[in-house]
Amino acid sequence: MAALGAATTPAAAPAAPCGNNRHPRHRVAARRGRAVPARRLELRAGVSPAVTADAPDEAAAEPLVEVEPAPETKLSKLACPICYYPLVSASDQSGDASSLECSTCKKVYPNKQDYWDLTVAVGSSEYSESMPAATELFRTPLVSFLYERGWRQNFIWGGFPGLEREFEMAKTYLKPTIGGTVVDASCGSGLFSRLFVKSGLYSLVVALDFSENMLKQCNEYIKQENISDERLELVRADISRLPFVSGSIDAVHAGAAIHCWPSPACAVAEISRVLRPGGVFVASTFVADIIPPAIPLLRIGRPYISQITGNNTFLSEVEFEDLCKACGLVDFKFVRNGFYIMFSATKAS
């Protein structure tokens, strides 16, 4: 979700495999897991900005291995975004969870049918607050509808390699977390969330976004593609106040999102909090450094750009490495192509 640049486009990867039949959304699922053989995948840790981002051929060539869910409920990792204590579910007559309650502060979080609303201010009748322009833009029904109908596809002009290729690259970085729980942060209409579910590589996929309309659109695509939600949960939440138990998440993915976050530092700190030791954070975004003479001007002007548009301007991959390090994430790696960057970092053990 961002402004566009101009660059060449790497070749797209093969499409992900199809999913299975859809099940009721909030039914609790529990099965025993089995080990998944690790695949030999490598990424270079310091690719020059002029180098096209490439993921190993092995990631696309090897067949995907289905992973059975771990013996825990889909809701067991959710926590109150106010005090971070676990949530307790309350079921209706059908047996589906109709609301969640904090075990400590007793705040109630509703099931909105399409998603769980785990934002701090949910339930407030009088209080409201404005969000940055970029955040509000993606909450509109029009942009949510258009996101997969041309909006996201235009990112190829900024160097983004295309959805399938991006997914293969992300899987390479996320290899150590296969079989666990992955949060697709700022998931939008669920482009990557659906691919994570279809891959069968994770026991649970959490599609998380602040936009109500994006989550509704995501749910529509899930229905249209007949994707099972046995290993999928949709959650509305603030990226700077994640509703998960500390150290409970194996992987966090954020595709084309960090430049839209009101405070990337607060968001990455939250991601570090919820990741388990050895957990992996993978993100993609734009870096405006391919026109060197403009960098000094952008450095001066970006605070004003951020205030007006709500978008963050990044001028070097070193900024992401520094941010990750400040938040306790190590082993920083990245690939570049034009304005495009995908990077990863690991929660320190």
Please report the interatomic distance [atom1]([X]) to [atom2]([Y]), rounded to the nearest 0.5 Å.
| X | Y | atom1 | atom2 | result |
| --- | --- | --- | --- | --- |
| E220 | C218 | CD | SG | 10.0 Å |
| M169 | S344 | CE | OG | 10.5 Å |
| I300 | L298 | CD1 | CG | 9.5 Å |
| F332 | D322 | CZ | CG | 10.0 Å |
| M214 | L208 | CE | CG | 13.5 Å |
| F155 | L163 | CZ | CG | 12.0 Å |

Any side-chain heavy-atom pair of [X] and [Y] under 4.5 Å:
| X | Y | value |
| --- | --- | --- |
| C80 | L87 | yes |
| F160 | F286 | yes |
| V268 | C327 | yes |
| L78 | L118 | yes |
| Q217 | Y147 | no |
| N312 | I258 | no |
| T346 | L329 | no |
| C260 | N311 | yes |

query = Do you know which of K77, R276, K347 makes side chain to side chain donor-acceptor pair (under 3.5 Å) with D250?
reply = R276
Transitive ILVMFWY side-chain link [X] to [Y], under 4.5 Å:
| X | Y | value |
| --- | --- | --- |
| V183 | F210 | no |
| I305 | F138 | no |
| L100 | V120 | yes |
| I82 | W116 | yes |
| L315 | I290 | no |

Closest approach of [X] to [Y] (non-hydrogen atoms, all atoms of both residues):
| X | Y | answer |
| --- | --- | --- |
| S186 | D209 | C-OD2, 3.2 Å |
| E148 | Q153 | O-NE2, 2.9 Å |
| R152 | G255 | NH2-C, 4.4 Å |
| V205 | S193 | CG1-O, 3.9 Å |
| N337 | G159 | ND2-O, 2.9 Å |
| S99 | V108 | CB-CG1, 3.8 Å |

query = Taking NZ, NE, NH1 and NH2 as the nitrogens, is one of them in K171 or E164 under 4.0 Å from a carboxylate oxygen of the other?
reply = no
Taking [X] for the side chain and [Y] for the main chain, is one N or O donor matched with an acceptor at less than 3.5 Å?
| X | Y | result |
| --- | --- | --- |
| T135 | M131 | no |
| S124 | E126 | no |
| S248 | F244 | no |
| S306 | P303 | no |
| S263 | C266 | yes |
| D289 | I291 | no |

task = Tell me, with the steps shown, if D229 and R231 meet salt bridge (charged side-chain N to carboxylate O under 4.0 Å, His left out).
result = CA-CA 5 Å; D229 66 356; R231 303 175 187 175; over 6 Å; no
task = Return yes when atom CG of L146 has more than 12 non-hydrogen atoms of other residues, nucleotides or ligands closer than 6.0 Å, and no otherwise.
result = yes
inquiry  = Go through it in stages, so that I can follow the logic: the residues are K112 and K216, the test is side chain to side chain contact (heavy atoms under 4.5 Å, CB included), and I'd like the CA-CA distance, side-chain angles, deciding distance and then a yes or no.
reply    = CA-CA 10 Å; K112 297 285 189 176; K216 290 177 182 177; over 6 Å; no
message = Before you tell me yes or no, could you show the steps for T177 and Y202 under side chain to side chain donor-acceptor pair (under 3.5 Å), namely the whole-Å CA-CA distance, both residues' side-chain angles and the distance that decides it to 0.1 Å?
response = CA-CA 8 Å; T177 67; Y202 287 88; 2.8 Å; yes
inquiry  = S211 vs N213, test: side chain to side chain donor-acceptor pair (under 3.5 Å). Steps then yes/no.
reply    = CA-CA 5 Å; S211 169; N213 284 301; 5.3 Å; no
Is NZ or CZ of [X] both nearer than 6.0 Å to the six-membered ring centre of [Y] and within 45° of the ring axis?
| X | Y | answer |
| --- | --- | --- |
| K107 | Y109 | yes |
| R273 | Y84 | yes |
| R149 | F145 | yes |
| R194 | Y221 | yes |

message = Show, in sequence, the C-alpha distance, side-chain angles and deciding distance for L215 and V235, and conclude whether the side chain to side chain contact (heavy atoms under 4.5 Å, CB included) test is met.
response = CA-CA 8 Å; L215 291 170; V235 172; over 6 Å; no
Residues F196, L174; criterion side chain to side chain contact (heavy atoms under 4.5 Å, CB included); working and verdict = CA-CA 11 Å; F196 278 123; L174 293 170; 3.8 Å; yes
inquiry  = Between E212 and R236, does the salt bridge (charged side-chain N to carboxylate O under 4.0 Å, His left out) criterion hold? Intermediate values first, please.
reply    = CA-CA 7 Å; E212 305 91 326; R236 180 174 183 246; 3.3 Å; yes
message = With salt bridge (charged side-chain N to carboxylate O under 4.0 Å, His left out) as the criterion, how do E319 and R302 come out once you've worked through the C-alpha distance, each side chain's angles and the decisive distance to 0.1 Å?
response = CA-CA 14 Å; E319 294 182 337; R302 63 178 175 177; 2.9 Å; yes
ask   = Angle class for the F167/F192 ring planes (parallel below 30°, perpendicular above 60°, tilted otherwise)?
value = tilted
query = Between F320 and V287, is a side chain to side chain contact (heavy atoms under 4.5 Å, CB included) present by the stated rule, with each step listed?
reply = CA-CA 10 Å; F320 297 112; V287 180; 3.7 Å; yes
request  = Classify the side-chain pair H253/D184 by whether it contains a donor and acceptor separated by less than 3.5 Å.
outcome  = yes
